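The structure displayed is predicted, hence computed values, not measured ones.
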Number of protein chains: 2
Amino acid sequence: MKGADVTRNEDAFSPSDAVLAALRKIIRSIELNSRSLVKRVGLTGPQLIILKEVSRMNGSSIGEVARTISLSQATVTGIVERLEKRNLLLRRRSDVDRRKVMVEITQEGETLVRDAPPLMQEAFVDRFSRLPEWEQSMVLSALQLLVQLMDAKSLSESSGLMEEDGDIPVVL
Amino acid sequence: MKGADVTRNEDAFSPSDAVLAALRKIIRSIELNSRSLVKRVGLTGPQLIILKEVSRMNGSSIGEVARTISLSQATVTGIVERLEKRNLLLRRRSDVDRRKVMVEITQEGETLVRDAPPLMQEAFVDRFSRLPEWEQSMVLSALQLLVQLMDAKSLSESSGLMEEDGDIPVVL
DNA sequence: CTATATAGTTTGAGTTCTAAATAAAGTCAA
DNA sequence: TTGACTTTATTTAGAACTCAAACTATATAG
């Protein structure tokens, strides 16, 4: 019998669903933070992250930057392009390896970084640093555990259990 | 003298930097999983999330869905539009309040949801569920703490914590 | 009936990914 | 050495997602 009431509330809420829900909120927070940065600094979160990274390791290649901050090269290329248009940094092919494109920060970019807009979540950093140490450790451990669980795909996993369609590219 | 030392490895790596780095990796993982979903199911992560949500609470409004999954209405509108084009769900204005748009899943959508893989990587769900309970709890607690710290924008100021839908179904 | 509030949609800007196209270097063999 | 292949890095093109702000339509006051 299909009940008259519409509310199909699901009590069954698995722990991993809760994890996903929490992650979603966190991701959204970061997103919103980025938006607010645009108003305060004129740069989005990713742009500022890259600019800071370039400032720290001046003269590194696009690929290095991408690896450092966990973004694809294509993504970094796009952001760097926008930053270059604003004269915050400039690109130049490497002398030693002409395949590489080195990125250097400009005076203007350096100034902007120095006036150091509160890095993305400076407010968060502040609160976080005030937590008792055990709590900081717990959070960090939990996150790293998650990273492992998600990453693991490429680490282990060699079982021969999966037949199904042979369309499983798996690992490499 | 400039060349010489290249490796400017980050010695100064504060806990909160590590947190951000880990989050970035997690976000990327989720992003990549979404891409792989497209190939396997034909839907992206967000699309599948919404479709599942609609399946669970059939006949809810766009706004309700948006709130439930922590996305803006505008975003949900766009995704729902794409899903409607694929005949996986359909929109209909509410009879009681013509401002509202109710979303209903179609037979086709229901079928797809039934056959769809979990939102997170299957392997992740699997591994996570195998963790000892205390570890699952720790991860969840840590994430919820992060949510608070990031959200804190609203509770740091005034002690009174507003509504903001205290919808945290802890479990465990 | 006007004024305000709410629900959804549209628009504009930015980020993100993959896949395919380029380009430069490195490797290997004749 | 030279030519063919392979590897590595960057760029381009295309599709989604994301949000805020502006806009439309409806609802609820006063």
May I ask you to test the [X]-[Y] pair for a side-chain heavy-atom distance under 4.5 Å?
{"X": "Glu53(A)", "Y": "Met57(A)", "value": "yes"}
{"X": "Gln144(B)", "Y": "Leu140(B)", "value": "yes"}
{"X": "Leu143(B)", "Y": "Leu146(A)", "value": "yes"}
{"X": "Ser16(A)", "Y": "Met120(B)", "value": "no"}
{"X": "Ile49(A)", "Y": "Arg24(B)", "value": "yes"}
{"X": "Arg28(B)", "Y": "Ser72(A)", "value": "yes"}
{"X": "Thr44(B)", "Y": "Leu48(B)", "value": "no"}

By nearest atom, which of the nucleotides [options] is closest to the [X] side chain?
{"X": "Ile79(B)", "options": "dT18(C), dA25(C), dT18(D)", "answer": "dT18(D)"}
{"X": "Pro46(A)", "options": "dT16(C), dC19(D), dT8(D)", "answer": "dT16(C)"}
{"X": "Leu71(A)", "options": "dA16(D), dT16(C), dT11(D)", "answer": "dT16(C)"}
{"X": "Ser72(B)", "options": "dC17(C), dC19(D), dT10(D)", "answer": "dC19(D)"}
{"X": "Ile62(A)", "options": "dA24(C), dA5(C), dT11(D)", "answer": "dT11(D)"}
{"X": "Asp97(A)", "options": "dT11(D), dA25(C), dT18(C)", "answer": "dA25(C)"}
{"X": "Ala74(A)", "options": "dA19(C), dA16(D), dG14(C)", "answer": "dA19(C)"}
{"X": "Thr44(A)", "options": "dT11(D), dT9(C), dT15(C)", "answer": "dT15(C)"}
{"X": "Leu32(B)", "options": "dA25(C), dA7(C), dC17(C)", "answer": "dC17(C)"}
{"X": "Arg93(B)", "options": "dA5(C), dG8(C), dC19(D)", "answer": "dG8(C)"}

Using only side-chain N and O atoms of [X], determine if any of them is under 4.0 Å from OP1 or OP2 of [N].
{"X": "Gln73(B)", "N": "dA7(C)", "result": "no"}
{"X": "Arg91(A)", "N": "dT11(D)", "result": "yes"}
{"X": "Thr77(B)", "N": "dT9(C)", "result": "yes"}

When the distance from [atom1] of [X] to [atom2] of [N] is rounded to whole Å, what number comes out?
{"X": "Glu81(A)", "N": "dG14(C)", "atom1": "CD", "atom2": "C1'", "answer": "13 Å"}
{"X": "Arg28(A)", "N": "dT15(C)", "atom1": "CZ", "atom2": "P", "answer": "18 Å"}
{"X": "Ile27(B)", "N": "dT16(C)", "atom1": "CD1", "atom2": "P", "answer": "9 Å"}
{"X": "Asp95(B)", "N": "dA27(D)", "atom1": "CG", "atom2": "P", "answer": "11 Å"}
{"X": "Lys100(A)", "N": "dT11(D)", "atom1": "NZ", "atom2": "P", "answer": "14 Å"}
{"X": "Glu84(B)", "N": "dG8(C)", "atom1": "CD", "atom2": "P", "answer": "14 Å"}
{"X": "Leu51(A)", "N": "dG14(C)", "atom1": "CG", "atom2": "P", "answer": "16 Å"}
{"X": "Asn33(A)", "N": "dC19(D)", "atom1": "CG", "atom2": "C1'", "answer": "13 Å"}

What contact category does Ser34(B) fall into here, base, sugar-phosphate, or nothing, at under 4.0 angstrom with non-hydrogen atoms?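 Since no nucleic acid heavy atom lies under 4.0 Å of Ser34(B), the category is nothing.
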Reckon Arg82(A) touches a base, only the sugar-phosphate, or nothing at all at heavy-atom distances under 4.0 Å?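 Base: the residue Arg82(A), judged by heavy atoms under 4.0 Å, touches a nucleobase.
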Relative to the 5' end of DNA chain C, which residue comes earlier, Glu64(B) or Lys39(B), by the nucleotide with the nearest heavy atom? Glu64(B)
Hey, which of these two, Glu31(B) or Arg86(A), hits DNA chain C nearer its 5' end, going by closest nucleotide? Arg86(A)
Ion pair check, Arg35(A) and Glu31(A), cut-off under 4.0 Å: yes
With hydrogens left out and only the distance checked, is there a donor-acceptor pair under 3.5 Å joining Arg35(A)'s side chain and the base of dT18(D)?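 Flag set: donor-acceptor pair detected.
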Name the one of Val103(B), Leu90(B), Ile79(B) that satisfies side chain to side chain contact (heavy atoms under 4.5 Å, CB included) with Glu84(B)?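 Of all the options given, the one that passes is Leu90(B).
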For DNA chain C, the residues among residues 108-116 of chain B that have a non-hydrogen atom under 4.0 Å from it: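 The answer is none.
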